Each structure stands twice: as C-alpha cells, then as structure tokens.
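Just follow the structure's listing: the first ligand is 1, and inside any ligand the first atom is 1. The structure presented is a predicted model; accordingly, all values stated were derived computationally and were not measured.
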Amino acid sequence: MGVKIYGTWASAFSMRVEIALQIKGIEYEFVEEDLLNKSDELLKYNPIHKKVPVLIHDGKPMVESLVILEYIDETWKANPILPSDAYQRAQARFWAKFVDDKVTPLVRSALMSEGEESEKAIPQLDEVLQILESEIKGKQFFGGKSIGYLDIVASMVPFWITCLQEVVGKEVITKEKFPSISSWADELLGCSVMKQNVPHHDRLKEFYQARFALMNAKTTN
Ligand SMILES: N[C@@H](CCC(=O)N[C@@H](CS)C(=O)NCC(=O)O)C(=O)O
C-alpha cells in the first residue's frame, strides 16, 4: 500500500518527514493540503490536532513529525538518522524537544505576532537561539559529519526565521550574532536533500506576506 504524506509545501514540519524518507531512499506520494480548507482525510487521520504532517504506511496513519521521524528510522534501517548510541540518542531527542518546545513557539510569538507579544518574545528567542548556538559550536552538523535527526528537526531555524524576519522587518538571526548557527545553516542548506526540499525563499516570502495581509484584513474588519 506504500507510503503517503499529507503535508503542505510551506510547512517545516512536513518537510522533516520528506527529508527523512528521501535520506532513506523511500518513495512516497505527497498529498498537498490546504490548511485553510483541510481535507476530510486529514481530519480523519489526525482528528486530535488536525495538523500536517500525517504519514500513512501500509494503511496505518501516524502524526507528529518527531514521532514520525523515529518510526521512519526504525522501519527503514538504511542511512540511520538517529545516533546508534543510546545516550547520544537521548541527547538528540532532548534537543529536538528543545527546538519544538522553546524555539518554535517563540518564533511564532516574535515574528508572527504583533505588539507586546512580539516585543516580549524577541529577547527570549535570542536567548534560546544562543543556547542552540553553543550546542552547534565547533560541529559541522548536529549529527556529526552528515545530516542527522537533529539537523532535520532544526532545519526550520535557518530558512523559516530568515524568511520571516525579512517579511516583518525585525532582525533576529545575523551572522555576527550567531556565527555557529550561520555556518551550520550554510553547510546544511548546501546539501542536496535540503536544496530539494527547502521552500524557495521568494515563494515562502510571498506566502507569508499574503498570510499576514489576510490576518490584518480580518482584524480590521
Ligand atoms: N507538533 C506538530 C506540529 C505540526 C504543525 O504545526 N503543523 C502546522 C503546519 S506547519 C499545521 O498543520 N497547522 C494547521 C493548523 O494549526 O490548523 C508536528 O511536529 O508535526
């Protein structure tokens, strides 16, 4: 029955699943979702969160990108993405949780919200990114000499933040402030699997400009 992803091109979360499957060399079908008009299938397969990505393997659905990445790594053994050592695996999971629990909500507050929420979140985002900066310092990738689980998870940091900060005109990441994140980002975005999957900067920028315009129109009406 094969492998199918319900996702959307602009989602850093569905991108994680695509990257992992491509690293493993697994063929899949990608179903593009419109998150403003979710399909019945998406709501059926992810009735709790109603979010992408959903992975269907042999007819069985699963949700939450971090859970899906672990499933992929356990199911298809070639080109492992998680470290083989149990302690290193625990560390990678810790940092992935840090990205999702700390970095992601602060990016949303700092760069996708306005007013007091954004003002408050910007220095907090700076603080959590400094922690990530120390973690990547001196390493080529989080996964060592090649892209691993944590690189896939954190890949949203370079392209998502860089695009959003440009759209809203606020500066969060610069090469001067985050030299290690910036050189990791250059290495990462230079890899072919990333080049194939990271949304084109201008297309993503237009997507967010349209989204913010829609949000502003709703609040002024
Ligand atoms: N924790 C989830 C987050 C997924 C997520 O936030 N997906 C967004 C797209 S980037 C979504 O489907 N949003 C739809 C909505 O919130 O209604 C994961 O890791 O899979």
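Here the shortest heavy-atom pairing between Met15 and Val198 reads SD-CA, 3.8 Å. The two residues Lys50 and Pro47 come nearest to each other via the heavy atoms NZ-O, 3.0 Å. Heavy atoms only, all atoms of each residue included: Glu70 and Arg93 are closest at OE2-NE, 2.6 Å. Here the shortest heavy-atom pairing between Arg89 and Pro83 reads CG-O, 3.1 Å.
Every atom of ligand 1 is numbered from 1 in the order shown, and the set under 4.0 Å from a heavy atom of Pro53 is 20 (O). Within ligand 1, the atoms closer than 4.0 Å to a non-hydrogen atom of Arg108 are 6 (O), numbered from 1 in the order shown.
The protein heavy-atom contact nearest to atom 19 (O) of ligand 1 is Ser65 OG, 2.6 Å. Atom 16 (O) of ligand 1 has as its closest protein heavy atom Lys51 CE, 3.5 Å. Scanning the protein for heavy atoms near atom 10 (S) of ligand 1, the closest one is Ser11 OG, 3.2 Å. The closest protein non-hydrogen atom to atom 14 (C) of ligand 1 is Lys38 NZ, 3.8 Å. Summary of contacts: the protein heavy atom closest to atom 4 (C) of ligand 1 is Val52 O, 3.2 Å. Among protein heavy atoms, atom 2 (C) of ligand 1 sits closest to Glu64 OE1, 3.3 Å.
Across Trp95, Phe94, Trp184, a single residue satisfies ring-ring contact (aromatic ring centres under 6.0 Å, His included) together with Phe142, and that is Trp184.
Annotation: side-chain contact (heavy atoms from CB on, under 4.5 Å) contacts of Glu41 (sequence neighbours excluded): Tyr6, Ser39, Tyr45.
For Met156, no heavy-atom contact with ligand 1 is shorter than 4.0 Å.
Counting only residues at least two apart or in different chains, ring pair (Phe, Tyr, Trp, His ring centres under 6.0 Å) contacts with residues 7-41 comprise Trp9-Phe207.
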